[in-house]
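Right, one structure below, let's go through it.
The model shown is predicted, which means the values in this text are computed figures rather than measured ones. Side-chain atoms are counted along with the backbone in the values below, which use heavy atoms only and exclude waters and symmetry mates.
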Amino acid sequence: FILNKFAASSAPFTTRFPTEILSTILADSVCCLLVIFAAFKALPPGKIEVIRKSFNYKRLFQSIIVPKRTFSTSVTYWCGYEKCLLPNVVLSHLSPGLTNCATGVANAALDCIPMVVIAGDVPTHYYGKHPHQEVNLHADAQQYEIYRPFVKRAWRVDRADLMAEILEKAFHLAESGQPGPVLVNVPMDIFSETILSKSFDRVKSNTKTLIKPSIDDKVAEEIVNKLAQAKQPIAYVGGGILLARASTELEEFIDYMDLPLAHSLMGKGAVSDDHPLVLGMSGFWGTSLVNEACLQADYIFALGTRFKEAD
């Protein structure tokens with residue numbers, strides 16, 4: 001299910017299921033989308049019903065069934081879906097659920113998709129005692145280390161009163177700078193504790209404002225002048241244009257400047273392929289014509305790209 005624009009009571013609450021606490025935490029902290037995976041052992045049908053009942057049906061929300069049978073394909077599905085909507089949350093079962101989601105979360109990292117993964121873990125009093133589905137091959141209580149190579153940061157919640165603060169940091173980090181996934185690892189006994197609403201009120205009153213990168217008028221004027229004076233300029237764009245919903249502005253700019261456009265694989269579709277100024281894709285999967293045009297350019301105007309495919 002993908003649930004949007006949900007709300008819950010701000011009164012203190014006690015819960016036995018992570019889905020209940022998650023719905024209230026997210027509703028009181030940020031407005032986001034929630035992806036719940038019911039495939040295999042991710043969430044039993046009973047727990048899905050719990051979270052559905054926890055919503056205030058007088059508020060508007062959206063519910064969409066994700067028709068996938070595995071964790072990784074469900075997360076990957078959401079990576080594409082997010083490009084049309086808002087930052088998202090993935091709620092995962094402990095250990096096998098977390099590892100099954102790894103491919104989709106790694107894909108989100110490579111595609112710069114803001115994603116907050118909230119995973120269950122064994123209760124803290126079971127750390128190192130080999131309970132059902134615990135992952136502790138190298139150290140106890142280190143399940144979250146699995147995601148460290150491809151998430152921006154991984155948190156382990158050791159106290160229930162820190163939940164609001166960690167969630168605020170997680171969403172801010174996932175969306176700031178170069179967007180990407182983060183992990184919040186929560187032991188099941190922490191999920192079951194009572195959390196007072198004042199902890200969320202305190203975070204809400206001190207939430208940082210997210211400001212996207214920008215340039216001043218002087219720098220913009222300098223860039224335009226260099227493009228106008230260049231003999232063989234070319235624009236090179238990546239997936240950042242699509243994430244920023246800036247395709248219209250980009251097309252207007254290249255039309256005005258009469259600027260040829262090359263794109264990476266992730267930048268495909270930033271401007272329609274039938275546009276007369278679009279050369280095509282560069283890199284290994286591109287054509288020799290486009291690669292040669294990029295190599296011969298005396299000025300490259302790059303937008304929304306990390307040059308990962310400029311080989």
Side chain to side chain, [X] and [Y], heavy atoms closer than 4.5 Å:
| X | Y | result |
| --- | --- | --- |
| Gln143 | Asn185 | yes |
| Gln142 | Arg156 | yes |
| Thr287 | Met281 | no |
| Leu279 | Leu261 | no |
| Lys268 | Asp273 | yes |
| Ser247 | Val271 | no |
| Leu259 | Ile234 | no |
| Arg159 | Ile190 | no |

Item to check | Atom CD of Glu221: over 12 foreign heavy atoms under 6.0 Å | outcome: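 No.
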Checklist entry - For Asp217, does the CG atom sit with more than 12 other heavy atoms under 6.0 Å from it, leaving out its own atoms? => result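 Incorrect, the count does not exceed 12.
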Nearest 0.5 Å please: distance from the [atom1] atom of [X] over to the [atom2] atom of [Y].
| X | Y | atom1 | atom2 | value |
| --- | --- | --- | --- | --- |
| Glu145 | Leu183 | CD | CG | 10.0 Å |
| Gln229 | Asp298 | CD | CG | 11.0 Å |
| Asp161 | Thr194 | CG | OG1 | 12.0 Å |
| Glu193 | Phe191 | CD | CZ | 12.0 Å |
| Met163 | Ile195 | CE | CD1 | 5.0 Å |
| Ser288 | Leu295 | OG | CG | 11.0 Å |

[X] to [Y] - nearest heavy-atom pair and separation:
| X | Y | value |
| --- | --- | --- |
| Pro114 | Ala174 | CB-O, 3.4 Å |
| Ser92 | Gly97 | OG-C, 3.2 Å |
| Gly120 | Met188 | CA-SD, 4.1 Å |
| Asp111 | Leu243 | O-CD1, 3.7 Å |
| Val184 | Ala170 | CG2-CB, 3.8 Å |
| Ala164 | Ser199 | CB-O, 3.7 Å |

[X], [Y]: one ILVMFWY side-chain cluster at the under-4.5 Å cut-off?
| X | Y | answer |
| --- | --- | --- |
| Ile113 | Ile241 | no |
| Tyr236 | Leu250 | no |
| Val186 | Leu173 | yes |
| Met257 | Ile300 | no |
| Leu303 | Val224 | yes |

Next on the checklist: Is there a side-chain contact (heavy atoms from CB on, under 4.5 Å) between Tyr127 and Asp121? Walk through the geometry before answering.
Outcome noted: CA-CA 10 Å; Tyr127 283 161; Asp121 201 349; 4.3 Å; yes
Checklist entry - Is it the case that His93 and Asn100 place a side-chain donor and acceptor less than 3.5 Å from each other? => result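 Absent: no donor and acceptor within the cut-off.
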Next on the checklist: Under 3.5 Å, is there a donor on one side chain and an acceptor on the other for Asn291 and Ser282?
Outcome noted: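 The criterion, which ignores hydrogens and geometry beyond distance, is not satisfied for Ser282 and Asn291.
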Next on the checklist: I want to know whether Tyr144 and Tyr147 have ring centres closer than 6.0 Å.
Outcome noted: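 No, the ring centres sit 6.0 Å or more apart.
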Next on the checklist: Tell me whether Thr99 contacts the main-chain N or O of Pro96 through its side chain, where contact means a donor paired with an acceptor under 3.5 Å.
Outcome noted: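 Yes; at least one donor-acceptor contact below 3.5 Å.
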Checklist entry - Stepwise, does the side-chain contact (heavy atoms from CB on, under 4.5 Å) test hold for Val290 with His263? => result CA-CA 9 Å; Val290 180; His263 58 77; over 6 Å; no
Checklist entry - Can you list the steps and then say if Met115 with Val151 is a side-chain contact (heavy atoms from CB on, under 4.5 Å)? => result CA-CA 9 Å; Met115 177 181 291; Val151 296; over 6 Å; no
Item to check | Salt bridge present between Glu222 and Lys226 (N-O < 4.0 angstrom) | outcome: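 Looking at Lys226 together with Glu222, the answer is yes, because their closest N to O distance falls below 4.0 Å.
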Next on the checklist: Can you classify the ring geometry of Phe301 versus Phe253 as parallel (below 30°), tilted (30 to 60°) or perpendicular (above 60°)?
Outcome noted: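 It falls in the tilted class, 30° to 60°.
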Item to check | CA sep, side-chain torsions, deciding dist, call: Ser272, Glu251, side-chain contact (heavy atoms from CB on, under 4.5 Å) | outcome: CA-CA 9 Å; Ser272 177; Glu251 184 172 354; over 6 Å; no
Next on the checklist: Strictly by side chain to side chain donor-acceptor pair (under 3.5 Å), give each pair with a member in residues 169-181 just once, sequence neighbours left out.
Outcome noted: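 Qualifying pairs: Glu165-Lys169.
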